[in-house]
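Report on the structure given below.
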Amino acid sequence: MGARVTRMFRNFNLENRVHREISREKPVAAPRHATSLPLSAGSSEVEAVSVNQKHDPLLSLLQSVYVESKDPAAAEASQEVTVGTEGERRPLRFSLPGGSYGLLELKDVPKGKLTITETLKAMNSHQQQPQTWTPGKIAQEYSLDLKDTKALLEFFIPFQVHIIPPKTKNAKQIKAS
């Protein structure tokens with residue numbers, strides 16, 4: 001209903017409004033800046049020819065130029081990555097038996113990284129005993145930065161499963177085996 005009303009107002013007196021807009025005086029363009037050069041058709045042709053010509057001395061200079069570009073930030077980052085991955089690994093502290101489930105069994109992880117099981121174990125330890133498992137101790141145990149460990153404990157939310165009961169008793173449910 002609302003679309004019909006807006007369409008009526010939009011189309012009301014449309015033809016008169018269009019004629020009024022067309023008959024309105026158009027704005028006058030601003031005057032051009034006065035130049036000392038006369039505007040002639042021959043001069044534009046000469047300019048077009050001179051632009052399209054190859055200038056041999058400039059072309060030879062351009063061919064002798066060799067540009068080698070290096071991004072200093074990218075070079076430093078790649079050096080850090082190569083230095084960080086060479087032998088900077090630590091053994092796993094805790095892992096779940098998962099070989100039969102098709103999961104790859106890890107023996108070690110890079111320093112500064114955690115597996116999901118280690119993360120959950122560290123967070124559980126911190127929640128159970130916050131005085132003994134401080135962020136500093138967790139960072140030392142798992143070879144992490146203190147800043148990353150504090151962010152992990154503050155912002156990481158472990159997995160939660162919520163089972164919502166059905167509204168009716170006749171609804172089908174999966175029964176525990």
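All residue numbers refer to positions in the sequence shown, counting from 1.
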Throw together a table of side-chain donor-acceptor distances under 3.5 angstrom for residues 54-69, partners on residues two or more places apart or in other chains.
unit_1	atom_1	unit_2	atom_2	d
S60	OG	D56	O	3.4
S60	OG	P57	O	2.7
S64	OG	L61	O	2.7

Going by side chain to side chain contact (heavy atoms under 4.5 Å, CB included), Y142 matches just one of K137, K111, K113, K121. Which one? K121
What is the minimum heavy-atom distance between H126 and I138, and which atoms define it? CB-CD1, 3.9 Å
Between atom CD of E21 and atom CG of N16, what is the distance when rounded to the nearest 0.5 Å? 13.0 Å
Listed partners of D108 passing salt bridge (charged side-chain N to carboxylate O under 4.0 Å, His left out), at least two apart: R89
Is there a path from F155 to M123 through hydrophobic residues (I, L, V, M, F, W, Y) whose side chains come within less than 4.5 Å of each other? no
Taking CZ in R17 as the centre, count heavy atoms belonging to other residues, nucleotides or ligands within less than 6.0 Å. Is the count above 12? yes
CE (M8) and CZ (R10) are apart, to the nearest 0.5 Å, by 12.0 Å
Over all atoms of both residues, closest heavy-atom pair of L153 and P135: CD1-CG, 3.7 Å
Can you tell me how far apart CD (E15) and NE2 (H19) are? Round to the nearest 0.5 Å. 4.5 Å
Is E141 close to W133 at the side-chain level, that is, under 4.5 Å between some pair of heavy atoms? yes
With rounding to the nearest 0.5 angstrom, report the CG to CG distance, L152 to D145. 12.0 Å
R20 backbone acceptor or donor facing S23 side chain under 3.5 Å: yes
Pairwise distance OG1(T119) to CG(L144) - rounded to 0.5 angstrom: 8.5 Å
